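None of these values were measured; they are calculated from a predicted model. To find a chain, count down the sequence lines: A is the first, B the second, and so on, and within it residues start at 1.
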Amino acid sequence: MPELPEVETTRRGIAPHLQDRTIREVIVRQRQLRWLVPRNLNRLLQGQTIRQIQRRGKYLLLGMDAGSLILHLGMSGSLRILPAETPAEKHDHLDVILDSGQCLRLRDPRRFGAVLWTRDDPLQHKLLKTLGPEPLSDEFTGEYLWQRSRGRKLAIKSFIMDSKIVTGVGNIYANEALYLAGIHPLRAAGRLSRARYNQLVEAIRQVLIAAIRQGGTTLRDFTASDGKPGYFRQQLHVYERDQQPCDQCGRPLHHRVIGQRSSYYCTHCQR
DNA sequence: ATGCGGACCTGTTAGC
DNA sequence: TGCTAACAGGTCCGCA
């Protein structure tokens, strides 16, 4: 489900409710997520005060004095703020109950998400330390992508979806950014010029910023922490638009699987 | 090192 | 109407 804009929308939604709150209790109903949720999570978190609510790529980090809770929403995860007494429904795997009487509730039907704990700097955690730069940071430039792509033969779409190259760009926004940049998703990463990488970086930035502004994209079930959907879907040019006319040239859009992910593009406007 | 395919899991929808 | 297959926003891991 969530790519960077949806995770950022979630972060912004939950942060005001979590900031400086103390954890009363943690209830784990399902430990079998992407990785086994620590058994002693309640013991670790009880009494801890949440100092920071940060995002790194698609990970959310809740910083406390004793360590950090690392959350990932996988394909189908969502976080909401609810009154603690709200009955849990199917797939509600985790509650973090706060001294405010509210609770942070994780729902994740497919269970590809993750709940991890670390005492150390979460950015040095095994799963986070190899992540590439944030796409909205100054480190992420056309020159950087061009350098990293030399000699690489994989499709540009797969390249920009590699979290070690750049983190947070998922399937929707990879499709959209390549469309905006006029780059064919199958083009070999190593065979794009600096100039075209500059365009691609701008396109990625632009699409992510616009999506965050709209509260993310709701295709099926994404909702922000307050239950509201994202409105960026209306601005998607290619995603899930197979056979529909290209907004630029009117020719029908194409669909095919690239790197096991559904890909949409215009063969006329993207080269 | 690189690139590919499989694996994890449930829900929804398209097709017969 | 009902069963089955395909597909869905992620990403780690093992193998060639």
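- Sorted by first and then second residue, the ring pair (Phe, Tyr, Trp, His ring centres under 6.0 Å) pairs with a member in residues 42-61 of chain A read A:Y59-A:H72; sequence neighbours excluded.
- By the criterion of side-chain heavy atoms lying less than 4.5 angstrom apart, applied directly or through intervening Ile, Leu, Val, Met, Phe, Trp or Tyr residues, A:L236 is grouped together with A:I209 in one hydrophobic cluster.
- Hydrophobic clustering, with ILVMFWY side chains joined whenever heavy atoms are under 4.5 angstrom apart, keeps A:L36 apart from A:L33.
- Rounded to whole Å, the P atom of B:dC9 lies 25 Å from the corresponding atom of C:dC3.
- Applying the side-chain contact (heavy atoms from CB on, under 4.5 Å) rule to A:A188 yields the partners A:R191; only residues at least two apart in sequence or on another chain are considered.
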Got a list of protein N/O to nucleotides 11-15 of chain C N/O distances below 3.5 Å?
unit_1 : atom_1 : unit_2 : atom_2 : d
C:dT11 : OP1    : A:H72  : NE2    : 2.5
C:dT11 : OP2    : A:K58  : NZ     : 2.8
C:dT11 : O2     : A:R34  : NH2    : 2.8
C:dC12 : O4'    : A:R34  : NH2    : 2.6
C:dC13 : OP1    : A:K126 : NZ     : 3.2

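- Considering only residues two or more places apart in sequence or on other chains, A:H237 meets the side-chain contact (heavy atoms from CB on, under 4.5 Å) condition with A:E176, A:Y179, A:L180, A:D247.
- The stretch residues 149-156 of chain A touches DNA chain B through A:R152, A:K153, A:L154, each having a heavy atom under 4.0 angstrom from the strand.
- Counting non-hydrogen atoms under 4.0 angstrom, A:S158 reaches nothing in the nucleic acid.
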_Please convert DNA chain B into dot-bracket. A pair counts if it is Watson-Crick or G-U wobble with both distances under 3.5 Å; crossing pairs go in [ ] and bases paired with another strand get |._
.|||||||.|||||||

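- The footprint of chain A on DNA chain B, defined by a heavy-atom cutoff below 4.0 Å, extends from B:dT2 to B:dG11.
- Using a distance-only test at 3.5 Å, with no hydrogens or angles considered, no donor-acceptor pair links the side chain of A:R80 to the main chain of A:C103.
- Remark: A:H125 engages A:I70, A:L116, A:T118, A:L127, A:L128 in a side-chain contact (heavy atoms from CB on, under 4.5 Å) (not counting sequence neighbours).
- Counting side-chain heavy-atom gaps under 4.5 Å among Ile, Leu, Val, Met, Phe, Trp and Tyr, the cluster of A:I97 also holds A:I27.
- For the P atoms, the distance from C:dA6 to B:dG6 is 13 Å, rounded to whole Å.
- Through direct or indirect side-chain contacts shorter than 4.5 Å among Ile, Leu, Val, Met, Phe, Trp and Tyr, A:I258 is connected to A:L186.
- Legend: ring pair (Phe, Tyr, Trp, His ring centres under 6.0 Å) pairs involving residues 183-210 of chain A, not counting sequence neighbours, sorted by first then second residue: A:H184-A:Y265.
- For A:Q234, the side-chain contact (heavy atoms from CB on, under 4.5 Å) partners are A:Y231, not counting sequence neighbours.
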*asked:* Run the salt bridge (Lys or Arg N to Asp or Glu O under 4.0 Å) test on A:R220 and A:E240 for me, step by step, so that the C-alpha distance in whole Å, both residues' side-chain angles and the decisive distance to 0.1 Å come before the verdict.
replied: CA-CA 12 Å; A:R220 282 162 272 278; A:E240 288 192 337; 3.2 Å; yes

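- Each of A:R107, A:R29, A:R105 was checked for a salt bridge (charged side-chain N to carboxylate O under 4.0 Å, His left out) with A:E89, and the lone residue meeting it is A:R107.
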